[in-house]
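Structure first, then comments.
These numbers were taken from a predicted model, which means no experiment stands behind them.
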Amino acid sequence: MTKEEARINAGVLFAPGDPELVAIKLRTHNLNVDYNMTHEDEYEKRSAILHEIIGEFGEGGRIQGPIAFHYGKHTKIGKRFFANFNLTIQDDGEVTIGDDCNFGPNVTIVTPVHPMLPGERKELYDSEGNPKHLCWAKPVHIGSDCWFGANVVVCPGVTIGDGCVIGAGSVVTRDIPANSFAAGTPCRVIREITEADSVENQPEILGGYTAHKPE
């Protein structure tokens, strides 16, 4: 872990232009390009690149691509993950995703935060008065068994519990408790997900299928 990564983990200001951080990002950005130039059926090549990019990537995972990871190594993804087109994870801070999550197209997860005042976005100062371009980051944690619709944006510092469904186009700015259906901009909890939501209660769509294994 670099000095600036330690500052990221501590939740304090860090310098994104630090040479060691720039080197990590450059490597990851180049690997993104390598992945995005592969064909969909180049399974082994794609898997190898993802394991080079992502800090932890569980078995049975698949990402449609194209992808855009910022650091990659700060992201941990559980088993049987699927993401559709255009997954973006700006993982200055830690991003964790549990098992059996499915993301629709254009899902974006961001962790960095920038000062509100324009002058402070341009420069802040160290103890000796030297100007620095600085920001900070807040981790994002997503539980297991979650489904995100298309164009969901998860903002810095958010935790989403297990078993959540986040509606398409939502901008998630605050924590979402487990087993919630949440949607909107900003995203809010609509209701709890229950057995009443089973497809068994929608016979018009079943077409001969069932939610339960026949005896």
Quiz prompt | Nearest-0.5 Å distance that lies between atom CZ in Phe181 and atom SG in Cys164 | solution = 11.0 Å
Quiz item: What is the distance from atom CG of Asn9 to atom CG of Asp92, rounded to the nearest 0.5 Å?
Solution: 11.0 Å
Quiz item: How about Glu192 and Ser180: do any of their side-chain heavy atoms sit closer than 4.5 Å?
Solution: no
Quiz prompt | Among Leu87, Val153, Asn151, the one residue meeting side-chain contact (heavy atoms from CB on, under 4.5 Å) with Asn106 | solution = Asn151
Self-check item: Exam field: side chain Thr159 to backbone Ile142, donor-acceptor pair closer than 3.5 Å
Solution: no
Quiz prompt | Working for side-chain contact (heavy atoms from CB on, under 4.5 Å), residues Cys146 and Asp162 | solution = CA-CA 6 Å; Cys146 290; Asp162 294 343; 5.8 Å; no
Self-check item: Any donor-acceptor N or O pair under 3.5 Å, side chains Glu200, Thr210
Solution: yes
Practice problem: Indicate, with yes or no, if Ile63 and Val107 share a hydrophobic cluster defined by side-chain heavy-atom contacts under 4.5 Å among Ile, Leu, Val, Met, Phe, Trp and Tyr. | Solution: yes
Practice problem: Give the minimum heavy-atom separation between Glu20 and Lys3, together with the two atoms involved. | Solution: OE1-N, 4.4 Å
Quiz item: Counting N and O atoms only, with roles assigned by atom type, does the side chain of Thr28 sit under 3.5 Å from a partner on the main chain of Tyr71, one being a donor and the other an acceptor?
Solution: yes
Exercise. Let me see the working for Val12 and Trp136 under side-chain contact (heavy atoms from CB on, under 4.5 Å), right down to the final yes or no.
Key: CA-CA 6 Å; Val12 300; Trp136 70 103; over 6 Å; no
Quiz prompt | Close side-chain approach of Asp145 to Cys101, heavy-atom, < 4.5 Å | solution = no
Quiz item: When you look at CD of Glu128, are more than 12 heavy atoms from neighbouring residues, nucleotides or ligands closer to it than 6.0 Å?
Solution: no
Quiz item: Hey, mind stepping through Asp99 and Lys79 against salt bridge (charged side-chain N to carboxylate O under 4.0 Å, His left out) and telling me if it holds?
Solution: CA-CA 5 Å; Asp99 296 335; Lys79 299 175 183 177; 5.7 Å; no
Quiz item: Looking only at heavy atoms, what is the nearest atom pair of Leu124 and Pro115, with distance?
Solution: CD1-CG, 4.4 Å
Quiz item: When you measure from the side chain of Lys76 to the backbone N and O of Glu94, does any donor-acceptor pair fall under 3.5 Å?
Solution: no
Exercise. Mind running side-chain contact (heavy atoms from CB on, under 4.5 Å) on Thr173 and Cys155 for me, showing each step along the way?
Key: CA-CA 5 Å; Thr173 61; Cys155 293; 4.1 Å; yes
Quiz item: Would you say the side-chain atoms of Asn102 pair up with the backbone N or O of Phe82, donor to acceptor, closer than 3.5 Å?
Solution: no
Quiz item: Between Arg7 (side chain) and Phe14 (backbone), is there a donor-acceptor pair under 3.5 Å?
Solution: no
Quiz item: Given Thr108 and Val154, is the side-chain contact (heavy atoms from CB on, under 4.5 Å) satisfied, shown in steps?
Solution: CA-CA 6 Å; Thr108 297; Val154 182; over 6 Å; no
Quiz item: If we only count heavy atoms from C-beta on, is the Leu134 to Tyr125 side-chain gap below 4.5 Å?
Solution: no
Quiz item: Shared ILVMFWY cluster between Ile193 and Ile166, side chains joined below 4.5 angstrom?
Solution: no
Quiz item: In Å, rounded to the nearest 0.5 Å, how long is the span from CG of Asp34 to CG of Leu50?
Solution: 11.5 Å
Exercise. Check whether any side-chain heavy atom of Ile176 lies under 4.5 Å from a side-chain heavy atom of Cys187, and answer yes or no.
Key: yes
Practice problem: Identify whether Ile190 and Trp147 are in the same connected component of the hydrophobic contact network (ILVMFWY, side-chain heavy atoms under 4.5 Å). | Solution: yes
Quiz prompt | From CG (Asp197) to CD (Glu195), nearest 0.5 Å | solution = 8.5 Å
Practice problem: Over all heavy atoms of both residues, which pair between Ala137 and Ile8 is shortest? Give the atoms and the distance, please. | Solution: CB-CG2, 4.2 Å
Exercise. Compare all side-chain heavy atoms of Val110 with those of Pro156 and state whether any distance is below 4.5 angstrom.
Key: yes
Exercise. Compare all side-chain heavy atoms of Asn30 with those of Tyr35 and state whether any distance is below 4.5 angstrom.
Key: no
Quiz item: Any idea which heavy atoms bring His29 and His70 closest together, and the distance?
Solution: NE2-ND1, 3.1 Å
Quiz item: With under 30° as parallel and over 60° as perpendicular, where do the rings of Phe148 and Phe103 fit, or are they tilted in between?
Solution: parallel
Quiz item: Do any N or O atoms from the side chain of Asp126 and from the backbone of Asn130 form a donor-acceptor pair under 3.5 angstrom?
Solution: yes
Quiz prompt | Crowding at CZ, Arg121 (>12 non-hydrogen neighbours, <6.0 Å) | solution = yes
Self-check item: In one Ile/Leu/Val/Met/Phe/Trp/Tyr side-chain cluster, 4.5 Å: Ile77, Val158
Solution: yes
Exercise. Taking the six-membered ring of Phe81 (Phe, Tyr or Trp), confirm whether the NZ or CZ of Arg62 is under 6.0 Å from its centre and within 45° of its axis.
Key: no
Quiz item: Distance from Ile89 atom CD1 to Ile67 atom CD1, nearest 0.5 Å?
Solution: 9.0 Å
Quiz item: About how many Å separate CG of Asp18 and CD of Glu4, when rounded to the nearest 0.5 Å?
Solution: 4.5 Å
Quiz prompt | Transitive ILVMFWY side-chain link Val95 to Leu31, under 4.5 Å | solution = yes
Quiz item: If every non-hydrogen atom of Glu5 is compared with every non-hydrogen atom of His74, which pair is closest and at what distance?
Solution: OE2-NE2, 2.7 Å
Exercise. Tell me, yes or no, whether the heavy-atom count around Gln202 atom CD, taken from other residues, nucleotides or ligands under 6.0 Å, exceeds 12.
Key: yes
Practice problem: State, to 0.1 Å, how close Ala183 and Ser170 come at their nearest heavy-atom pair, and which atoms those are. | Solution: CA-OG, 3.2 Å
Self-check item: Side-chain heavy-atom pair Pro186, Arg174 within 4.5 angstrom cut-off
Solution: no
Quiz item: Would a distance-only check, ignoring hydrogens and angles, find a side-chain to backbone donor-acceptor pair under 3.5 Å from Thr111 to Gly93?
Solution: yes
Quiz item: Can you find a pair of side-chain heavy atoms, one from Val172 and one from Val152, that are under 4.5 Å apart?
Solution: yes
